[in-house]
Amino acid sequence: MFRVLRLLLRPSHDLQDLRAWRTRVLDTLLTVLLLLGSLIALPSAWLAWRNGLWPVPVMDASLLGLLALLRWRSNWPLAGRAYLLMGLVFVLGMGLVALVGPVNLIYLMVVPALAVLLCGMRTAALALLLNVLGLVTLGGLAQWLPLPGLSSVDFVTWLVMIANFCLADGTLVLAIAALLAGLESALASQLSALSAMRNSQAQLKAAAEAHRVNEESFRRIAAQMPGVIYQLRMKSDGSYRFLYVSPGVRELYGIEPEQVILDSQALARFRHPDDRDRVLAQMQASRAAGLDIEMEYRIVLADGTEKWIHLQTSSAQQDEHGMMRYGLIVDITERKRTEARLRENEERWKLALESTGDGVWDWHVQTGVEIFSRRFREMYGYSEAELPNRADAMDGRTHPDDLASLERAREDHFAGRTASYVHEHRVRCKDGSWKWVMSRGMVIARDEQGRPLRMIGTHTDITRWKESEALIWQQAHFDALTGLPNRRMLRDRLEQSLARAAEGGQTLALMFIDLDHFKEVNDTLGHAQGDELLLEAARRIGACLGPKDTVARMGGDEFTVVLPAMQDAARAEAVAQQLIHSLSTPFQLGHERAFISASIGIACYPADAQVIDELLKHADQALYAAKDGGRNRFSHFTPALQEAAQTRMRLATDLRSALAEAQFRVHYQPIVDMATGEVHKAEALVRWQHPQRGLVSPGLFVPIAEASGVIVELGDWVFRQAVQQVAAWRVSHDPRFQISVNKSPVQFRSAAGTAQAWARHLADQGLPGECVVVEITEGLLLEADSHVFEQLAHLKQAGMPVSLDDFGTGYSSLSYLQKFDIDFLKIDQVFVRGLSATSKNIALCKAIIGMAHELGMKVVAEGVETEEQRQLLQAAGCDYGQGYLFARPMDGESLSRWLAETEGVCPAK
Ligand SMILES: Nc1nc2c(ncn2[C@@H]2O[C@H](COP(=O)(O)O[C@H]3[C@@H](O)[C@H](n4cnc5c(=O)[nH]c(N)nc54)O[C@@H]3COP(=O)(O)O)[C@@H](O)[C@H]2O)c(=O)[nH]1
């Protein structure tokens with residue numbers, strides 16, 4: 001029985017839960033009932049048949065049939081089958097109690113037991129209650145109906161029996177319930193254990209499958225991979241054993257994977273002898289530090305082939321058998337060859353670059369490492385330790401003023417805005433000096449995002465270029481002698497000052513300064529003294545100016561001053577006055593003293609001009625006016641000056657056609673012999689009869705004709721007219737007659753109209769050279785070069801006397817007179833004009849006359865207007881006089897008449 005029960009409770013694959021177990025219990029119970037019921041029913045049926053109780057066997061048969069049906073229909077719901085069985089037992093029990101007696105209570109006791117076993121406690125309680133109600137009902141019925149089983153039992157006794165029955169049956173039910181609860185919990189835990197076991201078994205199976213698939217894939221991939229993949233187990237003593245080696249070992253090492261698995265040192269033996277120690281040391285160090293290994297070394301194959309390999313290992317789990325390590329060996333021979341080639345190339349081009357004298361830098365932008373070549377360090381005098389291979393080491397030695405532009409140039413190149421990087425900056429050398437360098441470079445490697453990885457370039461020492469550049473700039477912008485800004489620099493400064501004045505609504509004054517008589521000093525005292533004078537003049541001009549003012553030398557004896565941002569317009573005049581005073585103070589040049597003066601032209605912005613060229617032009621016009629006004633003075637620009645300048649321009653244009661259009665005339669002014677009053681000399685003075693302007697003064701147009709060169713042709717024409725006239729007067733008036741002809745320095749310098757041509761012309765006319773006196777200016781003698789000397793010599797050779805005009809207005813050096821063979825000296829009319837017995841001028845005239853006579857020259861006084869002047873000059877020994885006192889210049893015909901009228905004797909005598 002217990003075995004059966006154990007069998008029933010035995011866990012099996014089909015026993016999913018308690019319900020299944022109860023089904024099995026019911027099936028087993030029905031089987032047992034059928035077997036036992038059949039065994040009991042056979043003697044019972046035989047007994048009942050013999051006693052004529054045939055309903056008993058019928059009932060037994062029915063019951064057995066019903067049990068068989070329930071057993072057979074095991075697929076019916078458990079509850080239905082259980083209720084049917086319990087109902088069957090209940091009806092049977094009740095019937096037997098009623099018919100046979102209380103002893104059959106035993107059947108009714110089975111019903112709650114079955115209920116608790118097959119359906120649970122509630123059904124059992126219901127069954128017990130049903131039993132009690134049924135038995136009480138039976139007891140009650142037995143009072144009125146003839147129930148044989150209960151006929152001998154009174155009702156009260158019956159109730160007591162029912163109570164006992166209840167107690168016994170309840171106890172049984174409880175016992176079964178307790179047993180079942182235990183069974184149920186045991187079963188539940190067994191079932192959950194079973195389920196867990198089943199799950200873990202499934203997981204294990206799945207894991208095992210996954211592992212199998214992984215390993216399969218790994219081996220397949222490993223077989224396809226270039227290089228060798230391996231797995232090894234390493235013990236704590238450092239010994240190891242390969243567990244797996246990929247087939248790539250055949251190609252890389254030329255051996256089979258199995259050989260490596262069998263012989264753990266198989267791969268190690270291939271290591272290049274020169275690399276063995278390094279590899280071993282690195283492996284041991286990595287192992288000791290618990291680090292993965294990554295290294296490159298050479299191996300030598302059986303056939304002697306040398307290869308470079310890259311080994312990388314990583315450690316996995318550690319167990320009692322040791323540490324699991326995975327490794328990957330890759331052939332990097334080609335990469336190493338390429339690197340070697342690159343290195344070789346790099347070395348070559350670095351050498352090539354260095355051979356130009358440049359230092360080479362190689363900047364690994366992302367890491368900040370910058371490798372400087374030997375030449376690079378030498379350039380600045382640093383050793384390797386003093387200039388580490390870091391980009392910031394160089395930046396730290398770059399001039400702070402140059403860093404910002406350097407960064408910009410670098411960024412422009414990094415961002416691809418410039419094809420290459422070029423920057424000029426200063427670098428501090430070891431000795432503390434600064435070197436100018438031109439840094440040129442180019443990014444040669446970028447990452448995937450386009451960021452620069454590596455940049456290579458050079459440093460070229462351009463210190464000398466920079467110095468030369470500065471020198472050239474200095475020479476281009478500053479005057480070499482005085483160090484003052486030159487014309488170009490002045491223009492720059494003036495532009496800036498004008499812009500500032502325009503911005504601030506201020507007044508600016510521009511002054512043109514011309515040193516009067518500088519040329520004479522230069523020519524008489526020599527260029528060294530002249531330079532000294534200019535230096536001193538520059539110093540003096542500077543001393544008259546404020547810190548914001550500018551003085552520039554425009555060349556020669558011309559200086560320019562800019563007075564920017566004048567608060568008071570009168571300041572310009574005050575400064576000009578100061579300048580004139582300062583420059584007219586004698587200059588001590590070594591042992592010599594020199595006297596000069598200054599003429600100054602002033603033009604102001606914005607009153608006189610708004611633009612720079614106009615301002616410069618107007619200052620020049622003002623200077624012209626100052627000079628024209630007698631020098632040693634300043635003049636402001638005025639619109640009249642502008643007008644005069646414009647007139648000059650127009651006259652210059654008209655002059656070109658005037659000669660062809662016969663607009664010129666020659667007038668003659670008699671020159672009187674002061675001692676006798678005779679007139680056998682005259683000066684030819686050109687006149688221009690302008691078709692619109694009328695008579696234009698030679699004082700106005702001669703300088704213009706000189707500037708344009710027209711004077712050469714005009715001078716020749718005057719000469720020919722004079723020759724023609726002198727020939728006539730020599731016949732009609734006096735055979736000694738002489739006409740003075742003015743010859744400008746421009747004519748002397750010109751190739752045409754030479755002295756030879758004049759001499760030839762005189763000869764052609766059959767006239768002696770002495771009938772034309774050539775009047776020259778002091779200026780010509782001051783500027784005299786060999787060509788001028790030659791011309792003068794030719795005149796003299798041709799017999800033409802030479803007269804020095806306007807003596808006293810120039811440098812008035814008597815030393816010229818010794819150098820040149822001068823026949824006449826003309827005292828300028830400025831000395832004659834204010835002549836009186838007590839004036840300084842008479843002393844001067846006397847001195848000139850005395851000295852000229854000593855040198856064998858005759859003296860002509862110009863501009864004699866009064867009798868007093870004539871007498872004073874005559875008394876002073878002057879040889880000739882010319883002036884309005886005697887006659888004004890007049891045309892040839894008029895002078896012929898005048899000569900005839902005066903009969904050769906001056907009326908003033
Ligand atoms: N190269 C040439 N220069 C020439 C020629 N013709 C004239 N000139 C030069 O032009 C300047 C002005 O000459 P002009 O206006 O003719 O003046 C001359 C006289 O008219 C003037 N003069 C003469 N006497 C008096 C006087 O008593 N008072 C007074 N105020 N003026 C007087 O002097 C001028 C002559 O000067 P100079 O020649 O220095 O003797 C003048 O510089 C001429 O040289 C020419 O053909 N070629």
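Each ligand, and each atom within it, is numbered from 1 in the order the structure gives.
For a threshold of 3.5 Å applied to N or O pairs, the pair formed by K743 and ligand 1 contains no separation below that value. Distances between N or O atoms of L685 and those of ligand 1 include no value under 3.5 Å. For ligand 1, the polar-atom distance check finds an N/O of E683 within less than 3.5 Å of one of the ligand's N/O atoms. Taking only nitrogen or oxygen atoms, main chain and side chain alike, R833 does not reach within less than 3.5 Å of ligand 1. Remark: ligand 1 and D805 share an N or O pair separated by less than 3.5 Å (distance only, no angle test).
Of all the listed residues (Q747, E775, E862, K826), E862 holds the heavy atom that lies closest to atom 37 (P) of ligand 1. Counting heavy atoms only, V686 comes closest to atom 5 (C) of ligand 1 of the residues V741, D828, V686. Comparing Q829, E706, Q669, R687 by heavy-atom distance to atom 16 (O) of ligand 1, the nearest is R687. By heavy-atom distance, the residue among L885, T866, L695, N742 lying nearest atom 4 (C) of ligand 1 is N742. Here atom 8 (N) of ligand 1 lies nearest to P698 when heavy atoms of S740, S697, A705, P698 are compared.
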Audit row: F820, F789, ring-ring contact (aromatic ring centres under 6.0 Å, His included) steps and yes/no: CA-CA 8 Å; F820 303 104; F789 282 133; 4.9 Å; yes

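Remark: atom 1 (N) of ligand 1 lies closer than 4.0 Å to at least one protein heavy atom. The nearest protein heavy atom to atom 42 (O) of ligand 1 is not closer than 4.0 Å.
Using 4.0 Å as the threshold, G715 has no heavy atom nearer than that to any atom of ligand 1. Heavy atoms of R888 come nearer than 4.0 angstrom to ligand 1 in no pair at all. Contact between H667 and ligand 1 is absent, with no heavy atom of the residue lying under 4.0 Å from the ligand.
Of the charged side-chain nitrogens involved, at least one lies within less than 4.0 Å of a carboxylate oxygen, so that R491 and D613 count as a salt-bridged pair. The pair E778-K826 does not count as a salt bridge, with every side-chain nitrogen at least 4.0 angstrom from each carboxylate oxygen. Salt-bridge formation is detected for the pair D823/K796: a Lys NZ or Arg NE/NH1/NH2 atom is positioned less than 4.0 Å from an Asp or Glu carboxylate oxygen.
Here the CZ atom belonging to R730 is positioned 10.0 Å from the CZ atom belonging to R736, to the nearest 0.5 angstrom.
Using the six-membered ring where Trp is involved, H618 and F637 have ring planes that are parallel, under 30° apart on the 30 and 60° scheme. Under the 30°/60° scheme for interplanar angles, the aromatic rings of H680 and Y880 are found to stand perpendicular.
By the 4.5 Å heavy-atom criterion applied to side chains, I596 and D516 are not counted as neighbours.
Distance from atom 11 (C) of ligand 1 to its nearest protein heavy atom, with residue and atom name: G699 N, 4.1 Å. Closest to atom 20 (O) of ligand 1, if we only count protein heavy atoms, is P889 CG, 3.3 Å. Here the heavy atom of the protein found nearest to atom 27 (O) of ligand 1 is Y884 N, 2.8 Å. In terms of protein heavy atoms, atom 28 (N) of ligand 1 is closest to E865 OE2, 2.5 Å.
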Would you be so kind as to tabulate the donor-acceptor pairs closer than 3.5 Å made by side chains of residues 648-661, with sequence neighbours excluded?
residue : atom : partner : partner atom : Å
T653    : OG1  : M649    : O            : 3.0
D654    : OD2  : H690    : NE2          : 2.8
S657    : OG   : D654    : O            : 3.2
E661    : OE1  : Q663    : NE2          : 2.8

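Within ligand 1, the atoms closer than 4.0 Å to a non-hydrogen atom of G863 are 25 (C), 26 (C), 27 (O), numbered from 1 in the order shown. For ligand 1 and V718, the ligand atoms under 4.0 Å from any heavy atom of the residue are 46 (O). Within the listing of ligand 1, atoms 39 (O) sit less than 4.0 angstrom from a heavy atom of D806. Under a 4.0 Å criterion applied to the non-hydrogen atoms of V864, ligand 1 contributes the atoms 27 (O). Each of the following atoms of ligand 1 lies closer than 4.0 Å to a heavy atom of G883: 24 (N), 27 (O).
In the displayed structure, R488 atom CZ is contacted under 6.0 Å by at most 12 heavy atoms of other residues, nucleotides or ligands.
Remark: K743 qualifies as a cation-pi partner of F748 under the 6.0 Å distance and 45° angle criteria applied to the six-membered ring.
Under the ring pair (Phe, Tyr, Trp, His ring centres under 6.0 Å) criterion, H761 pairs with F719, not counting sequence neighbours.
Side-chain N or O atoms of Q738 include none that pairs as donor or acceptor with a backbone N or O of V773 at under 3.5 Å. Looking only at distances, a side-chain donor or acceptor of D879 sits under 3.5 Å from a matching main-chain atom of V859.
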